Each structure stands twice: as C-alpha cells, then as structure tokens.
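Accompanying notes for the structure given below.
The structure presented is a predicted model; accordingly, all values stated were derived computationally and were not measured. Counting starts at 1 for both ligands and their atoms, following the listed order.
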Amino acid sequence: MSIANNLQHFLDKLPSHVDLVAVSKTKPLEDLQEAYDAGQRIFGENKIQEMAGKWEALPKDIQWHMIGHVQTNKVKYMIPFVSLIHSVDRIKLLKEIEKQAKAHDRIVDVLLQVKIAREETKYGMPLQEATALLSGDELQNFPHVRVVGLMGMASFTDEPEQVAAEFAMLEGLYERFRESKNLNTLSMGMSGDYKIAIAHGSTMIRVGSAIFGARNY
Ligand SMILES: *Cc1c(COP(=O)(O)O)cnc(C)c1O
C-alpha cells in the first residue's frame, strides 16, 4: 500500500467532525510530500528541530502540530509557525509559550496533555491538576496562549476495555469544561486505538504508522 492509498482509506471513513493529524516523525520529506500531494495538510512531529526543518522545506499551507514532549528552552524555535501544541503538561511550559508568543505578537493554540494511562512513563499532567487549572482563573495569566482542548494517550495494552476506560475519563473532563472554556478539540487515538477513541468523542486522531508504515528509530 502506498502512503496515498493509506491516507485515502482514513479520509474516506473518518466522520466529518474528526480531524486527521498525519504523524510524520522520523519520516523523510518525500513521504510528507506524497501525503501532501494526496491532500493531507495537518502533520504532527515530536521533535522541534525536525519539525522546523520540515517546515522550511515543505509548502507553507501545511499546519504543523507539535505532539511530543517539549523542552522549555526549545519553544522559541517553533513559535513562528506552529499551529497547535498538543503536549502542554506543566505551568512552566505555559509560561514559556506565553513569553515567546507575546514576543512574536501572536496567539498560540494549545492542548493540555492529561495523563490517563496506567503506565508510569507517559507524560501528561495528572487529571486533578488539569481539572484545577480549568476550574480556576490561572489561564487568564496567559493571554497569548489559547487552551482549545485536551490530549491524551491510552495505555499500550491489548485490553480494549482498559483503553476505553482511559479515553472515557478524558472525554468526561472535556465535556465538563467544553462550554465554559470554549474547548473544541479532543485529541486522542493513534494507529492502534483510534476507533475506540472516536467512539469516546475524539475530534482529532494522530496517526503515524498506519499511514507512513512502521518507523525505524
Ligand atoms: C508517534 C505518536 C503518534 C502516532 O503513533 P502511531 O502508532 O504510529 O499511529 C501519536 N501520538 C503521539 C503523541 C506520538 O508520539
């Protein structure tokens, strides 16, 4: 199967309210160009330098999404062009995005990454911390940052009930604050679990290997 075929497969069957982020981390420019030529415009990367290099080389109507862990000292390299940061998991990072966005005279859309997986290794803020942040007025301190939704990664397991329970937890948090905080994006679901994620209200899936093939790190 070609990249274009794989993409078409998703575009044909995705509900219209679900956006597809093509996760192109580690993949060469030719692969991204092939997806672009097939109509894909949203690409997700997990390393800032790699994303910046691809942004420079590829058409300027691509929307670049940062989906990986962000080091505070590298935020400045993506602020000129990033369209959505999925992985905001701490206040210190919000502060740095605010500072850099202000310096570039723009407002940057972000998602709060919430830890929903059982595993200890996954990034994300604890559910309680995300709840507190959305309940209070602290986000008003960041006028150049717009929190437009939530992101989460489920446990890597072959138990669909576990994955479903984790996605349901994030869906609950999203629904609780959707109206009052003007949220419009619930980013959950990858190649292996996007169907469960969509069944639990995902509005944005992040799909890498099912489009581009397996990655060799
Ligand atoms: C790599 C990655 C994906 C895509 O994973 P696949 O299993 O290849 O679809 C999605 N989200 C995040 C945060 C990732 O790092």
Take atom NZ of K13 as the centre, draw a 6.0 Å sphere, and report whether it contains more than 12 heavy atoms from other residues, nucleotides or ligands.
yes
Contact atoms of ligand 1, heavy-atom distance to G208 under 4.0 Å
4 (C), 6 (P), 8 (O), 9 (O)
Could you tell me whether Y77 atom OH has more than 12 heavy atoms of other residues or ligands within 6.0 Å of it?
no
So if I count the atoms of ligand 1 from 1 in the order they appear, which ones are less than 4.0 Å from some heavy atom of V207?
9 (O)
Quick check: does M153 get an N/O under 3.5 Å from an N/O on ligand 1?
no
Quick check: does N46 get an N/O under 3.5 Å from an N/O on ligand 1?
no
Rounding to 0.5 Å, atoms CE (M188) and CD1 (I198) come to a distance of 9.5 Å
Can a non-hydrogen atom of I67 be found less than 4.0 Å from any atom of ligand 1?
yes
Are R215 and ligand 1 in contact, using a heavy-atom cut-off of under 4.0 Å?
yes
From the options E98, Q100, R106, select the one residue that forms a side-chain hydrogen bond (donor to acceptor under 3.5 Å, both in side chains) with H144.
E98
Nearest non-hydrogen partners of S187 and L111, listed with the distance
CB-CD1, 3.5 Å
Here the atoms of ligand 1 under 4.0 Å from any heavy atom belonging to R206 are 4 (C), 9 (O), 10 (C), 11 (N), 12 (C), 13 (C)
Short N-O contact, R178 and E175, less than 4.0 angstrom:
yes
